[in-house]
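Remarks on the structure that follows.
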Amino acid sequence: MIKSIKQNVFLDTFIRVARILPHSYRWKAVLSLFLLLVNSVMDLLGLGAVVPLIVMVLRENSFQENEWLAWLYEHSFATSETEFIYHFSFALLLIIIIKNLASILIQYIQTEYAYSLQKHFSLHLFKAFSDKGLLYFKSTNSTKVMRDVQSVPLAFASRVILPLLSVLNELVIMVLIVIGLYTYDSFVLILLVGIVLPTFLGFFLLTRKKSKFIAKRKHEIQPSLHKNILEMVFGFVDMMITNTKAQFESRHESLQEEFSKRQVQEVVLKYAPPKILETAMFLGVIIIFLYGVTYYDSSERLIELLGIYALAAYRTMPSVNRILIGMVGITGYRYTIDLIEKEIAIFSKSTEADAEVKPLAFSHGIEAKDLVFNYNEQSGNVLDGVSLDIKKGTSVGIIGESGSGKSTFMNILLGFFRPTSGSVLVDGKHIFEDNLISWRSLVGYVQQEVFLVDGTIKENVAFGCDVADIDEEKVVESLKTANLYEFVKGLEHGIHSTIGERGGMLSGGQRQRIAIARALYSGAEILFFDEATSAMDSKTEEEITESIHALQKQNLTLVIIAHRISTLKYCDKIVQFENGKVRDDVTYSELVSKTF
């Protein structure tokens with residue numbers, strides 16, 4: 001039973017979508033389904049009302065032979081049968097107008113529902129990915145994250161939810177049409193079913209694997225396209241220096257060629273059903289002609305039969321067409337349900353986002369106790385029993401060779417990595433036990449590669465804040481403390497000056513000072529510097545070192561990782577890392593004497 005449901009694309013998709021819908025959206029889904037039923041009934045009534053008009057026009061004695069028409073005629077204000085036909089025609093036109101206006105409203109409600117789901121799942125996927133942690137983003141291409149957060153929910157809404165609602169609507173209409181035709185003329189019903197059903201099944205069975213393949217390839221190609229473009233933009237200088245521009249262009253051409261090819265195939269698969277159905281329906285007309293010529297003595301019955309068939313085909317063909325296109329689309333884009341199911345399941349287990357934020361006092365210091373860290377059980381320990389005390393208001397330098405574990409140690413202190421064993425305590429409280437959000441509100445982080453947005457200096461200092469909520473006085477004070485305000489004041493627009501994408505209009509030292517100002521704006525009491533001066537020339541390094549020294553007078557606690565010993569000259573103590581362990585704990589003068 002379960003296997004047969006999974007093989008039924010429509011039923012399996014319907015069940016899986018119902019399963020992942022949030023509770024508030026399930027009631028909206030019920031409303032949408034009810035509106036679908038209303039829309040279907042209105043469509044059928046509009047279609048059915050045309051039949052009496054055809055009968056009145058084509059049959060000479062229709063008012064005498066049909067009891068319903070006779071009753072309507074007697075109770076109308078018409079003085080003749082011709083006048084009644086006029087009245088009936090205008091009433092029918094009014095019914096069709098009302099029906100179509102109502103259909104537009106119902107379509108709006110359904111579309112709004114589908115895209116509200118897109119917004120809902122995009123937000124949940126955004127939260128789910130942001131909870132994955134630093135290790136995930138270090139190992140995952142950013143274009144895949146962008147695709148899964150934005151493109152997948154959009155495809156889910158437009159290529160699964162809307163087609164699903166459309167197929168449901170058209171199926172109800174088809175059932176009602178079949179019932180109506182069965183009661184009125186079974187020959188037309190048999191003819192329609194005999195033509196439509198084989199056409200539908202044949203096309204769907206022939207194209208479902210192809211449509212699935214097309215959607216999958218588009219899903220796979222998109223990140224590669226975006227990746228190549230981003231690498232061209234952000235690696236422009238290297239691309240030109242290494243003379244690899246042709247390779248980038250060739251790669252883009254190759255990827256775009258296949259993507260365009262898949263787009264063409266997808267459009268053709270959407271365009272083909274109405275043409276195939278049109279051919280099949282015309283076959284029905286030929287069959288009726290041949291049948292009428294062979295078995296009917298009077299042309300009146302043949303014309304009536306053609307009218308009923310044309311009317312049924314007029315409404316049936318769009319329905320079958322929408323069902324076909326919907327089923328092909330659903331088949332191709334069911335992978336979006338797989339991803340949403342997977343990520344929502346992971347997100348629902350996440351506790352960090354829902355953890356209660358408790359105030360965390362910082363009055364005494366930070367204590368790292370016996371920290372051990374490895375990336376997996378097969379790899380060796382990156383940290384092996386590291387312990388370190390950092391008193392409030394002091395400045396601690398960390399030095400060591402690449403791979404000695406110093407950056408991993410800092411990432412644990414920042415809460416990005418959880419230690420395999422050991423603990424990090426702030427005034428005796430564990431930072432990883434419901435205190436991580438509060439802990440991060442106390443810290444600021446200045447990296448070697450500072451992330452800057454394509455906006456103003458003000459927006460970069462108050463990173464993440466809405467522009468309307470930015471405290472400009474606080475921005476200025478932060479810039480002054482970071483020794484950048486004199487430069488900013490000299491700009492034409494001051495703190496409102498734009499700095500280009502990734503801070504392209506700033507020097508390396510200015511970018512570092514923006515990062516320091518950002519940390520100060522957020523109210524950080526502890527500042528972490530990770531190789532903040534390693535890529536700078538000696539003069540700029542000296543300036544940044546002096547800026548860091550000035551921060552010590554603000555009673556801030558500083559933790560500084562550096563390759564250059566000179567960067568650490570104002571530190572109260574310096575810790576040397578070696579092979580994942582603390583080898584030594586010295587002052588700057590002791591370190592200099594050992595080194596030289």
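Numbers here are sequence positions counted from 1. These values consider heavy atoms only, across backbone and side chains, with no hydrogens, waters or symmetry-generated copies.
In this pair, Tyr335 and His219 present their aromatic rings tilted. The plane angle is within the 30 to 60° band. Under the 30°/60° scheme for interplanar angles, the aromatic rings of Tyr25 and Tyr113 are found to be tilted. Using bins of under 30°, 30° to 60° and over 60° for the plane-to-plane angle, the ring pair Tyr136/Phe129 lands in the tilted bin.
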Verdict with supporting geometry, Leu125 and Leu339, side-chain contact (heavy atoms from CB on, under 4.5 Å): CA-CA 9 Å; Leu125 287 170; Leu339 187 137; 4.0 Å; yes
Report the C-alpha distance between Leu123 and Lys127 in whole Å, list the side-chain angles of each, state the deciding distance to 0.1 Å, and finish with yes or no for side-chain contact (heavy atoms from CB on, under 4.5 Å). CA-CA 6 Å; Leu123 176 60; Lys127 291 178 179 178; 4.0 Å; yes
Just do the side-chain contact (heavy atoms from CB on, under 4.5 Å) check on Lys212 and Arg334 with the steps written out, would you? CA-CA 8 Å; Lys212 189 175 181 179; Arg334 287 212 302 166; 5.5 Å; no
Using the rule given for side-chain contact (heavy atoms from CB on, under 4.5 Å), can you reason through His252 versus Ile229, listing the C-alpha separation, both sets of side-chain angles and the distance that settles it, and then say yes or no? CA-CA 8 Å; His252 182 78; Ile229 294 169; 4.0 Å; yes
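Residues Phe248 and Asn228 share a closest heavy-atom pair of O-ND2, 3.1 Å. Annotation for Ser158 and Pro163: closest pair O-CD, 3.3 Å, computed over non-hydrogen atoms. A pairwise comparison of heavy atoms in Lys144 and Pro223 identifies CG-CB, 3.8 Å as the closest pair. Contact between Thr420 and Asn374 at its shortest, heavy atoms only, is OG1-N, 3.0 Å. A pairwise comparison of heavy atoms in Ile330 and Val160 identifies CG1-O, 4.1 Å as the closest pair. Here the closest non-hydrogen pair linking Arg262 and Ile214 is O-CG2, 3.4 Å.
Put simply, CD on Gln118 and CG on Leu162 are 10.5 Å apart, with the number rounded to the nearest 0.5 Å. Between Ile323 atom CD1 and Asn169 atom CG the span is 9.0 Å, to the nearest 0.5 Å. Here the CE atom belonging to Met146 is positioned 11.0 Å from the CG atom belonging to Asp148, to the nearest 0.5 angstrom. Annotation: the span from His124 atom NE2 to Leu117 atom CG amounts to 11.0 Å, rounded to 0.5 Å. Here the OG1 atom belonging to Thr456 is positioned 8.0 Å from the CD1 atom belonging to Ile499, to the nearest 0.5 angstrom. Within the model, atoms CD1 of Ile161 and CG of Leu21 stand 6.0 Å from one another, a figure rounded to the nearest 0.5 Å.
Within the structure, salt bridge (charged side-chain N to carboxylate O under 4.0 Å, His left out) contacts touching residues 151-174 (residues at least two apart or in different chains) are Arg159-Glu266, Glu170-Arg315, Glu170-Arg322.
Side-chain contact, Thr111 with Gln107: a donor N or O sits under 3.5 Å from an acceptor N or O.
Contact annotation: the side chain of Leu93 never approaches that of Ser89 to less than 4.5 Å [non-hydrogen atoms, C-beta and beyond].
Taking a 6.0 Å sphere around CZ of Phe14, one finds it holds 12 or fewer heavy atoms contributed by other residues, nucleotides or ligands. More than 12 heavy atoms of other shown residues, nucleotides or ligands fall within 6.0 angstrom of atom CZ in Phe137. With a 6.0 Å radius and a threshold of 12 heavy atoms from other residues, nucleotides or ligands, Tyr115 has its OH atom above the threshold.
Take Arg26 and apply the salt bridge (charged side-chain N to carboxylate O under 4.0 Å, His left out) test, not counting sequence neighbours, and it matches no residue.
A salt bridge does not link Glu257 with Lys261: every distance from a Lys NZ or Arg NE/NH1/NH2 to an Asp or Glu carboxylate oxygen is 4.0 Å or more.
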Which atom pairs, donor and acceptor, lie under 3.5 Å between side-chain atoms of residues 27-36 and protein residues at least two apart or in another chain?
from: Ser32; atom 1: OG; to: Lys28; atom 2: O; distance (Å): 3.2

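Outside the 6.0 Å centre-distance limit, the rings of Tyr333 and Phe156 are not counted as a close aromatic pair.
Put simply, the side chain of Arg147 never gets that close to the backbone of Val152: no donor and acceptor are under 3.5 Å apart.
Put simply, the residue from Ile15, Leu164, Thr331 that forms a side-chain contact (heavy atoms from CB on, under 4.5 Å) with Phe10 is Leu164.
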